[in-house]
J.: 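Let me give you the structure first, and then I'll get to my questions.
Order of appearance sets the numbers: ligands from 1, and atoms from 1 within every ligand.
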Amino acid sequence: MKVLIVHAHEEPRSFNAAMKNTAIRVFEEMGHTVVVSDLYRMRFKAVADSDDFLERKDRHILVRQAEERYSTNLGTLAPDILEEQRKVLDCQLLILQFPLWWFSLPAVLKGWVDRVLSMGFAYDQEGRWYDHGGLKGRRAMLSLTTGDPESCFSPRGIHGSMDQVLWPIQHNTLYHCGFEVMAPFVAYAVARRSQAEREALLQAYAIRLRGLDGEAPLAFHPLERYGDGMQLKAGFEP
Ligand SMILES: Cc1cc2nc3c(=O)[nH]c(=O)nc-3n(C[C@H](O)[C@H](O)[C@H](O)COP(=O)(O)OP(=O)(O)OC[C@H]3O[C@@H](n4cnc5c(N)ncnc54)[C@H](O)[C@@H]3O)c2cc1C
């Protein structure tokens with residue numbers, strides 16, 4: 001199996017880096033091939049702008065999704081986007097490794113999503129989305145750390161449940177592009193834990209990754225269950 005880890009932490013001695021290194025070690029021990037996009041080290045360009053298109057469909061007005069589709073067809077997206085898209089196409093498992101920032105992705109990783117998972121490549125408006133998405137046949141998983149403890153992310157917790165927090169990334173982004181999404185691995189409140197607790201977290205992550213093939217993905221509704229206005233049909237629970 002080929003695994004792509006997209007890593008979004010600047011500090012090589014961070015807990016996120018330790019999680020990334022754990023995943024590399026576990027997958028390589030299992031005989032898998034691991035490719036890492038270390039976004040800070042690559043100085044990955046996070047801002048989606050007109051420089052992303054070597055040719056323009058329309059030089060007068062920038063309509064990003066139209067240009068994405070046009071450049072995808074011509075093969076004229078910027079080389080760094082094409083390189084990341086090649087890695088995505090080549091993998092069977094994508095792991096996004098990041099610290100939770102403002103209940104979302106750090107900007108460099110959001111930029112990777114904005115620029116790499118482009119229209120015409122990962123999805124389009126002709127029904128190639130969700131379980132028909134362009135990257136169907138691949139699995140994806142979030143591996144993240146938080147500042148706050150798990151209790152804050154419980155159903156009655158102040159931030160809302162972690163499922164709610166991650167819904168835009170897991171359902172509306174990864175599943176939208178066709179990935180089967182595995183349950184996330186969340187290392188809560190890493191800076192507030194003891195060294196022994198943090199080491200136990202890394203061990204738990206290693207065990208989780210070793211058993212990943214035996215897990216079912218998160219159960220999201222397929223497109224066929226949505227009717228008028230893309231509303232869930234009667235008889236199905238949100
Ligand atoms: C802009 C911003 C927004 C944020 N928004 C949120 C938010 O919305 N919600 C939220 O909950 N938090 C938020 N935070 C906090 C953030 O999520 C945490 O600071 C981050 O998740 C901690 O992960 P880290 O890898 O940076 O930890 P680090 O600070 O790098 O590491 C934590 C500890 O682990 C130790 N460590 C490193 N490697 C190992 C190892 N191999 N074994 C054992 N210990 C090790 C480190 O030495 C350190 O003591 C935000 C922070 C910022 C800067």
J.: Of the side chain and backbone of Ala18, name the one, both, or neither that has a heavy atom under 4.0 Å from an atom of ligand 1.
T.: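 Just the side chain.
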J.: Can we say Arg86 and Glu83 salt-bridge, meaning some charged N sits less than 4.0 Å from an Asp/Glu carboxylate O?
T.: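 A salt bridge is present here (some side-chain N lies under 4.0 Å from a carboxylate O).
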J.: Taking only heavy atoms of Val190 into account, list the atoms of ligand 1 that are under 4.0 Å away from them.
T.: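 This gives 22 (C), 23 (O), 27 (O) as the contact atoms.
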J.: Pick whichever of Ser14, Ser104, Gly147 has a heavy atom sitting closest to atom 15 (C) of ligand 1.
T.: Gly147
J.: Which residue owns the protein heavy atom closest to atom 32 (C) of ligand 1, what's the atom, and how far is it?
T.: Ala191 CA, 3.9 Å
J.: Below 30° counts as parallel, above 60° as perpendicular, anything between as tilted: where do the rings of Tyr226 and His221 land?
T.: perpendicular
J.: Could you check atom 16 (C) of ligand 1 against the protein and tell me its nearest heavy-atom contact, residue, atom and distance included?
T.: Leu100 O, 3.7 Å
J.: Heavy-atom contacts with Leu202 under 4.0 Å: which atoms of ligand 1 show up? List them by number with element.
T.: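 Listed by number with element, the hits are 40 (C), 41 (N), 42 (N).
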J.: Where's the contact between Phe153 and ligand 1, heavy-atom distance under 4.0 Å: side chain, backbone, both or neither?
T.: side chain
J.: Step through it carefully: locate the ring centre of Tyr175, locate the ring centre of Trp129, and say whether they are under 6.0 Å apart.
T.: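 No - the distance between ring centres of Tyr175 and Trp129 does not fall below the 6.0 Å cut-off.
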J.: Ignoring hydrogens and geometry, is there a side-chain-to-backbone donor-acceptor pair from Asp124 to Met119 under 3.5 Å?
T.: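 Looks like no, no N/O pair under 3.5 Å.
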J.: Could you find the nearest protein heavy atom to atom 45 (C) of ligand 1 and give me its residue, atom name and distance?
T.: Phe15 CD1, 3.7 Å
J.: Looking only at heavy atoms of Tyr188, does any of them come nearer than 4.0 Å to an atom of ligand 1?
T.: no
J.: Would you say the side chains of Ser71 and Glu55 form a donor-acceptor pair under 3.5 Å?
T.: no
J.: Is the distance between the ring centroids of Phe103 and His159 under 6.0 Å?
T.: yes
J.: Would you mind checking which non-hydrogen protein atom is closest to atom 5 (N) of ligand 1, with the distance to 0.1 Å?
T.: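 Here the nearest protein heavy atom works out to Trp102 N, 2.8 Å.
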J.: Report the nearest protein non-hydrogen atom to atom 44 (N) of ligand 1: residue, atom name, distance rounded to 0.1 Å.
T.: Arg198 NE, 3.1 Å
J.: Asp80 pairs by side-chain hydrogen bond (donor to acceptor under 3.5 Å, both in side chains) with which of Gln85, Lys45, Arg115, Arg43?
T.: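 Checked Gln85, Lys45, Arg115, Arg43 against Asp80; only one passes side-chain hydrogen bond (donor to acceptor under 3.5 Å, both in side chains): Arg115.
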J.: Among the heavy atoms of Glu11, does any lie under 4.0 Å from an atom of ligand 1?
T.: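 Heavy atoms of Glu11 never come under 4.0 Å of ligand 1.
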J.: Counting both backbone and side chain atoms, is some N or O of Asp148 under 3.5 Å from an N or O of ligand 1?
T.: yes
J.: Tell me which one of Thr145, Leu201, Val186 gets a heavy atom nearest to atom 20 (C) of ligand 1.
T.: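 The residue whose heavy atom sits nearest atom 20 (C) of ligand 1 is Thr145.
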J.: For ligand 1, which atoms, with element, lie under 4.0 Å from some heavy atom of Asn16?
T.: 23 (O), 24 (P), 25 (O)
J.: Tyr123 and His176: aromatic ring centres closer than 6.0 Å?
T.: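 Ring centroids of Tyr123 and His176 are less than 6.0 Å from each other.
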J.: Show the atoms of ligand 1 that are less than 4.0 angstrom away from any heavy atom in Gln195.
T.: 42 (N), 43 (C), 44 (N)
J.: For residues Ser104 and Lys110, is any side-chain donor paired with an opposing acceptor at under 3.5 Å?
T.: no
J.: For Ser143, which of Arg208, Lys20, Gln97 qualifies under side-chain hydrogen bond (donor to acceptor under 3.5 Å, both in side chains)?
T.: Gln97
J.: Any donor-acceptor pair under 3.5 Å linking the side-chain atoms of Gln195 with those of Glu199?
T.: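 A donor-acceptor contact under 3.5 Å links the two side chains.
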J.: Evaluate the 4.0 Å heavy atom contact test for atom 30 (O) of ligand 1: does a protein atom fall under the cut-off?
T.: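 Flag for atom 30 (O) of ligand 1 set to true, protein heavy atom closer than 4.0 Å.
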J.: Using only atom types and a distance under 3.5 Å, with no angle test, would you say the side chain of Asp52 pairs donor to acceptor with the backbone of Asp49?
T.: yes
J.: Report yes if the distance between the aromatic ring centroids of His171 and Tyr130 is under 6.0 Å, otherwise no.
T.: yes
J.: So which heavy atom in the protein is nearest atom 9 (N) of ligand 1, and how far is it from that ligand atom?
T.: Phe103 CE2, 3.6 Å
J.: Considering only protein heavy atoms, which is closest to atom 26 (O) of ligand 1, and at what distance to one decimal place?
T.: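 Closest protein heavy atom to atom 26 (O) of ligand 1: His9 NE2, 2.7 Å.
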J.: I'd like to check which ligand 1 atoms, numbered from 1 as shown, lie under 4.0 Å from a non-hydrogen atom of Arg13.
T.: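 In order of number, 37 (C), 38 (N).
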J.: At less than 4.0 angstrom from any non-hydrogen atom of Pro99, what atoms of ligand 1 do you find?
T.: 20 (C), 21 (O)
